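Order of listing sets the numbers, starting from 1, for every ligand and every atom in it. Treat the numbers as computed from the prediction; the structure is a model and nothing was measured. In this chain, residues are counted from 1 in sequence order.
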Amino acid sequence: MTRLVIIGGSDAGITAGLRARQLDPTTEVHLVVADDYPNFSICGIPYYVSGEVPDWHSMAHRSKNDLERAGLRLHLEERAIGIDVDARTVSTVSAAGEARAIGYDRLIIATGQCPTSRRSPGSTNSVQATGCICSTPWRHVCSDPDA
Ligand SMILES: Cc1cc2nc3c(=O)[nH]c(=O)nc-3n(C[C@H](O)[C@H](O)[C@H](O)COP(=O)(O)OP(=O)(O)OC[C@H]3O[C@@H](n4cnc5c(N)ncnc54)[C@H](O)[C@@H]3O)c2cc1C
């Protein structure tokens, strides 16, 4: 039996976990998720802001129960803070400050991306000056560390 640890419980992490279980139902899938809202529909946020969706809690693609029924083991409000590749462990810390190490056979990192304030050439305002690491439209900007 393979133990798959996935860091991140949004679109990428959940999709990977569900697909792994689909391909091999014996796979033990652990999702380490920094927040308490796995599979949350980020794309639905504009509909909450516009008032079309009154309760943002209803915007999860799947409930925690749905995910657990599909065989995913959720470790919510637990942040990955380190990876020991040789020992095959992920170090985590919970919202309560408890630290632990989770062993893995396979590891997927699905933590999304963060904006960076790196300046793009020729930019004249703060919006243009902000690139995003790995975001496709900005990749040409970010690939040059001196840009
Ligand atoms: C307002 C808005 C509207 C959008 N609309 C659309 C749309 O209509 N169509 C579309 O295709 N895309 C849309 N997107 C983009 C889409 O939401 C993202 O592409 C998608 O969420 C990326 O998923 P991800 O799993 O890669 O990362 P994220 O959604 O960023 O998830 C990252 C996950 O990693 C976890 N995490 C991060 N760091 C750690 C850590 N150290 N330890 C543990 N867990 C960690 C987070 O808690 C989270 O669960 C929209 C985005 C926004 C903001």
- Message: For the 3.5 Å polar cut-off, considering only N or O atoms, please tell me whether Ala34 and ligand 1 meet it.
- Response: yes
- Query: Does the separation of the ring centres of Trp56 and Tyr47 fall below 6.0 angstrom?
  - Reply: no
- Shortest protein heavy-atom distance from atom 30 (O) of ligand 1, along with the residue and atom involved: Gly112 CA, 3.7 Å
- Task: May I ask you to identify the nearest protein heavy atom to atom 31 (O) of ligand 1, giving residue, atom name and distance to one decimal place in Å?
- Result: Ser10 CB, 2.9 Å
- Query: Met1, Val29: one ILVMFWY side-chain cluster at the under-4.5 Å cut-off?
  - Reply: no
- Could you tell me which atoms of ligand 1, counted from 1 in the order shown, lie closer than 4.0 angstrom to a heavy atom of Val32? 43 (C), 44 (N)
- Message: Nearest non-hydrogen contact with atom 33 (C) of ligand 1 belongs to which option: Gly13, Ala110, Pro46?
- Response: Ala110
- Out of Leu76, Ile7, Asp11, the nearest non-hydrogen contact to atom 20 (C) of ligand 1 is supplied by Asp11
- Message: Using a strict threshold of under 4.0 Å (side-chain N to carboxylate O), is an ion pair present between Asp24 and Arg19?
- Response: no
- Per-atom contacts, ligand 1 versus Glu78 - under 4.0 Å to a heavy atom: 43 (C)
- Shared hydrophobic cluster, Leu4 / Leu72 (ILVMFWY, side-chain heavy atoms < 4.5 Å): yes
- Message: Any side-chain to backbone donor/acceptor pair from Asp105 onto Arg3? Under 3.5 Å, distance only.
- Response: yes
- Message: Below 3.5 Å, N or O to N or O, backbone or side chain included: is there any such pair between Ala80 and ligand 1?
- Response: yes
- Query: What protein heavy atom sits nearest atom 39 (C) of ligand 1, and how far away is it?
  - Reply: Thr111 CG2, 3.7 Å
- Query: Taking heavy atoms and a distance under 4.0 Å, where does Pro38 meet ligand 1: side chain, backbone, both or neither?
  - Reply: neither
- Task: Find all atoms of ligand 1 within a distance of less than 4.0 Å from any non-hydrogen atom belonging to Asp35, and give their numbers and elements.
- Result: 46 (C), 47 (O), 48 (C), 49 (O)
- Message: Quick check: Ile45 and ligand 1, any N/O pair under 3.5 Å apart?
- Response: no
- Query: Got more than 12 heavy atoms from elsewhere within 6.0 Å of CD1, Ile109?
  - Reply: no
- Query: Given Cys43, Gly8, Gly82, which one has a non-hydrogen atom that is nearest to atom 6 (C) of ligand 1?
  - Reply: Cys43
- Message: Under a 4.0 Å threshold between the charged nitrogen and the carboxylate oxygen, would Glu68 count as salt-bridged to Arg73?
- Response: no
- Message: Could you check whether any side-chain N or O of Arg21 sits under 3.5 Å from a backbone N or O of Pro25, counting only pairs where one atom can act as donor and the other as acceptor?
- Response: yes
- Query: Where is the nearest protein heavy atom to atom 25 (O) of ligand 1: which residue, which atom, and how far?
  - Reply: Ala12 N, 2.8 Å
- Item | Closest to atom 2 (C) of ligand 1 (judged by heavy-atom distance), picking from Val49, Val90, Ile42 | Ile42
- Interfacing atoms of ligand 1 (cut-off 4.0 Å, heavy-atom, Gly9): 33 (C), 49 (O)
